[in-house]
Amino acid sequence: MLIALIIFATTWGVFLLYCYSGLKYIPKFSSSQGTELSDDLPSATIIIAVKDDESEIGETVKTLQSLAYKRLEILVVIDRSTDKTEQIVREIASSDSRIKPLIVNSLPLGWLGKVHALHCGSREAMGDFIIFMDADMGISDADLRLALHEAKVKKLDHMSIVPQVASKGFLHDVMMCTSTILFISSSRPWMSIDQRPLKSIKGMGKFNMVRRSLFARTEGFTWLKMDVADDVALAQLMARHGGRSLLYKSDQNGPKLDWYDSFWGIVTGLEKNIVSGFTNYDPFQIIFMPSFSATPFLVPLLALAFGPKAILVALVCFALTMVFASFTKRFLFYPLHVVAAFPLGLFLLGLILLRASYVCFKNGGIRWSGTTYPIDELRKGARVKMGL
């Protein structure tokens with residue numbers, strides 16, 4: 001037992017070092033850093049897909065309308081909406097020629113609704129770069145210019161930004177912090193762009209920017225039309241075709257958003273993509289992944305019942321976690337106690353995966369924006385390569 005605990009503590013320490021390296025080396029994104037921008041920036045097309053969003057779409061489009069950048073078009077893809085979404089967007093677009101509503105009335109078989117909407121938008125885009133954004137993501141004019149500057153200077157074909165997330169309570173923050181740590185470290189930012197394996201190429205639907213000329217030479221969204229992790233799949237699609245991809249992390253002055261209203265919002269919100277992203281609907285992985293993620297939280301607690309030597313190993317694990325939290329909180333902008341709850345976050349993530357898997361298999365698939373997609377079709381359509 002003692003030897004097993006020592007091996008576990010060593011493994012935990014190595015894993016924390018791995019995560020720390022990711023947070024330390026990921027490029028920071030902040031328009032307040034005083035970067036001298038190029039005078040001749042590329043044109044851009046922002047694409048957002050919305051469905052039955054009359055309560056919030058007006059504010060979203062007006063936020064994009066406030067961008068002063070002139071070489072910009074904004075495509076709002078209205079996907080099978082039955083409320084006043086189209087009317088609201090058209091009214092705003094009537095006063096700004098950069099805003100263009102695009103109406104999608106039907107969903108072809110074999111497509112996820114959101115992915116099909118983005119596909120329709122991408123075919124109409126005219127900018128040098130296409131920026132796919134979720135409707136709840138805001139961006140300033142300075143951030144837009146910085147993104148285009150970075151892509152131009154570093155010759156990037158794809159870039160994405162991990163935004164700062166507004167606090168919604170302890171458990172919500174723990175889950176957001178844990179997800180950020182895992183997502184960033186798995187992108188292996190300490191490696192050069194050309195050295196990174198495909199599974200480390202990452203993208204986020206909150207801000208996913210691609211060079212249109214290269215994107216046009218790929219299979220496009222038809223390749224990932226049934227992958228619920230479409231943001232990561234898009235990034236890996238660009239990399240598969242030789243694209244240079246880079247993931248950034250927003251600092252306190254960079255892009256921010258409200259992501260899920262509560263911890264329960266995270267639980268239900270992940271139902272549509274966590275099973276695919278972590279397990280590809282494989283029953284073995286559905287059992288293995290939660291068991292693996294539970295060990296950093298449960299093993300040190302259980303070790304307290306196995307005598308002085310086991311307790312010492314447990315205390316070493318706790319100490320390693322506190323050292324990790326102390327060194328990394330400045331990269332994450334979360335309080336120390338939230339970062340130190342990383343093992344708890346991993347444990348909760350495993351429970352969320354188990355719950356989502358149960359719901360998925362019970363329903364025979366996932367339900368997303370009013371449409372149900374069968375497991376067999378989702379499994380066949382999964383394109384993302386995940387892993388640390």
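All residue numbers in this chain count up from 1 along the given sequence.
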Table please: side-chain donor-acceptor pairs of residues 46-55 below 3.5 Å, with sequence neighbours left out.
unit_1, atom_1, unit_2, atom_2, d
Lys51, NZ, Ser369, O, 3.4
Asp52, OD1, Thr82, N, 2.6
Asp52, OD1, Thr82, OG1, 3.4
Asp52, OD1, Asp83, N, 3.4
Glu54, OE1, Lys84, N, 3.0

Just list the side-chain donor-acceptor pairs under 3.5 Å for residues 219-226, sequence neighbours left out, or say none.
unit_1, atom_1, unit_2, atom_2, d
Glu219, OE1, His241, NE2, 2.7
Thr222, OG1, Glu219, O, 2.6

Donor-acceptor pairs under 3.5 angstrom involving side-chain atoms of residues 332-344: please list them, not counting sequence neighbours.
none

Donor-acceptor pairs under 3.5 angstrom involving side-chain atoms of residues 354-361: please list them, not counting sequence neighbours.
unit_1, atom_1, unit_2, atom_2, d
Arg355, NH1, Glu271, OE2, 2.5
Arg355, NH2, Glu271, OE2, 3.2
Ser357, OG, Leu353, O, 2.8

What donor-acceptor contacts under 3.5 angstrom involve side-chain atoms of residues 105-112, with partners at least two apart or in another chain?
none

Show every donor-acceptor pair shorter than 3.5 Å between a side-chain atom in residues 292-308 and any protein atom, with sequence neighbours excluded, or say none if there are none.
unit_1, atom_1, unit_2, atom_2, d
Ser293, OG, Met289, O, 3.3
Ser293, OG, Pro290, O, 3.0
Ser293, OG, Leu346, O, 3.2
Thr295, OG1, Phe292, O, 2.7

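In this structure, the side-chain contact (heavy atoms from CB on, under 4.5 Å) partners of Tyr18, at least two apart in sequence or on a different chain, are Ser185, Arg188, Trp190, Leu388. Shown here are the side-chain contact (heavy atoms from CB on, under 4.5 Å) partners of Ser245, two or more places apart in sequence or in another chain: His158, Ile201. For Ser262, the side-chain contact (heavy atoms from CB on, under 4.5 Å) partners at least two apart in sequence or on another chain are Trp264. Every residue two or more places apart in sequence or in another chain that forms a side-chain contact (heavy atoms from CB on, under 4.5 Å) with Arg212 is listed here: Ala125, Ile130. Under the side-chain hydrogen bond (donor to acceptor under 3.5 Å, both in side chains) criterion, Thr371 pairs with Arg80, not counting sequence neighbours. By the side-chain hydrogen bond (donor to acceptor under 3.5 Å, both in side chains) test, Arg123 is found to be paired with no residue, residues two or more places apart in sequence or in another chain being considered.
Here the CD1 atom belonging to Ile366 is positioned 9.5 Å from the CD1 atom belonging to Ile375, to the nearest 0.5 angstrom.
Put simply, the side chain of Val76 does not reach to within 4.5 Å of the side chain of Lys100, judged on heavy atoms.
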